[in-house]
Amino acid sequence: FLLIGFLFYYIFSESVSKCIDAISANSALLSFPHVIPLDIMISRCILVFFTNTQSALVIILLAYMFGITLTINNYSQLFFCISAITLLGFAFGVLLASLNVFYPLVGKIWNFANRTLFFASGVFFSIDRIPAAYQEMLRWNPLLQLIQGAREAMSNALYFEPTINYPYICLFVLSCLCFGLLIEQASHRRLEQ
């Protein structure tokens, strides 16, 4: 339960943070004419995904050694959730990193928003534990939906209320990706000047 919550949250938040820091931390690489900020963001997101997945696999192997088995009930839903959280982290990271070129305050605001998002994403609890007055509002959080969807796909002992909305998740990821890539082109031109 907690492994899925932390894995998904850290893939998202670290991808966004690494994308925001990519331009300032790799100014030497950007001096080469064929390297653009998007290349650095892609490589950082790939590294974040594999680092967190590797850590999760080590924990799963240790749990297996102690007799705790892992059952996957819905492979397609789990694959969708993993793919969507990776793309969402990249897309949102590109969007914020590109905005950070024009408005440097965006990076600082992300650090504060990241803390709030941690508690609003259901890392420690499922959505049915949230007070009813806030449930409908928090259902719009794509991170909460993806974490809950992965828990649904991997749980045979716990029952979770279905929360994942596939069209909404796809539309949200594609919107962030399109806006992020558009703004990234403008920020790339500004960095070249």
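Bear in mind that the values here come from a model prediction, so they are computed numbers and not experimental data.
- Shortest non-hydrogen contact noted between R151 and G5 is NH2-CA, 3.5 Å.
- Cluster membership for L7 and I59, using ILVMFWY side-chain heavy atoms within less than 4.5 angstrom, is shared.
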CA sep, side-chain torsions, deciding dist, call: L88, I169, side chain to side chain contact (heavy atoms under 4.5 Å, CB included): CA-CA 9 Å; L88 182 62; I169 296 291; over 6 Å; no
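- Scanning for side-chain contact (heavy atoms from CB on, under 4.5 Å) contacts around L174 gives an empty result, with sequence neighbours left out.
- A continuous path of hydrophobic side-chain contacts links L96 to L181 [ILVMFWY only; heavy atoms under 4.5 Å].
- Grouping the Ile, Leu, Val, Met, Phe, Trp and Tyr side chains by contacts below 4.5 angstrom, directly or via other members, places V94 with Y103.
- Taking 4.5 Å as the limit, every side-chain heavy atom of V173 sits out of range of all side-chain heavy atoms of F92.
- Annotation for E184 and L38: closest pair OE2-N, 3.7 Å, computed over non-hydrogen atoms.
- Between the side chain of Q77 and the backbone N or O of G149 there is at least one donor-acceptor pair closer than 3.5 Å.
- Considering only heavy atoms from C-beta on, N141 comes within 4.5 Å of L117 through its side chain.
- Listed for the S43 side chain is a donor-acceptor partner under 3.5 Å among the backbone atoms of I40.
- Put simply, the side chain of C45 does not reach to within 4.5 Å of the side chain of T86, judged on heavy atoms.
- Counted by atom type alone, S76 and N74 present one or more donor-acceptor pairs between their side chains at under 3.5 Å.
- For the pair A150 and L78, the tightest heavy-atom approach, listed with the atom from each and the gap, is CB-CD1, 4.1 Å.
- Using cut-offs of 30° and 60° for the angle between ring planes, the F6 and Y10 rings count as parallel.
- One hydrophobic cluster holds both I82 and Y75 under the rule that ILVMFWY side chains link at heavy-atom gaps under 4.5 Å.
- Between atom CD1 of residue I46 and atom CD1 of residue I42 there is a gap of 7.0 Å, rounded to the nearest 0.5 Å.
- Here the straight-line distance linking atom CG of N111 with atom OG of S17 works out to 6.5 Å at 0.5 Å rounding.
- A 4.5 Å side-chain heavy-atom check between F12 and L146 finds every atom pair outside the cut-off.
- Rounding to the nearest 0.5 Å gives a distance of 9.0 Å between CG of N100 and CG of L105.
- L61 and V58 fall into different hydrophobic clusters, defined by Ile, Leu, Val, Met, Phe, Trp and Tyr side-chain heavy atoms under 4.5 Å apart, directly or through other members.
- The environment of CZ in F102 is crowded: more than 12 heavy-atom neighbours from other residues, nucleotides or ligands sit within 6.0 Å.
- Residues forming a ring-ring contact (aromatic ring centres under 6.0 Å, His included) with Y166 (at least two apart in sequence, or on another chain): F80.
- Contact annotation: the side chain of L99 approaches that of I183 to within less than 4.5 Å [non-hydrogen atoms, C-beta and beyond].
- Here the side chains of Y168 and Q145 are in contact, with some heavy-atom distance below 4.5 Å.
- For the pair R44/D21, a side-chain contact is recorded, criterion being any heavy-atom separation below 4.5 Å from C-beta on.
- Expressed to the nearest 0.5 Å, how far NE2 of H34 lies from CG of D39 amounts to 11.0 Å.
- For the atom pair CD1 (I85) and CD1 (I147), the distance works out to 6.0 Å, reported to the nearest 0.5 Å.
- Scored by the ring-ring contact (aromatic ring centres under 6.0 Å, His included) test, F90 finds no partners at all (sequence neighbours excluded).
- Distance check: L87 CG to C176 SG gives 11.0 Å after rounding to the nearest 0.5 Å.
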Criterion side chain to side chain contact (heavy atoms under 4.5 Å, CB included) on W110 and I20, from CA distance to verdict: CA-CA 9 Å; W110 165 249; I20 290 173; 3.7 Å; yes
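- Using modelled atom types, one finds no donor on one side chain facing an acceptor on the other under 3.5 Å when comparing N52 with Y9.
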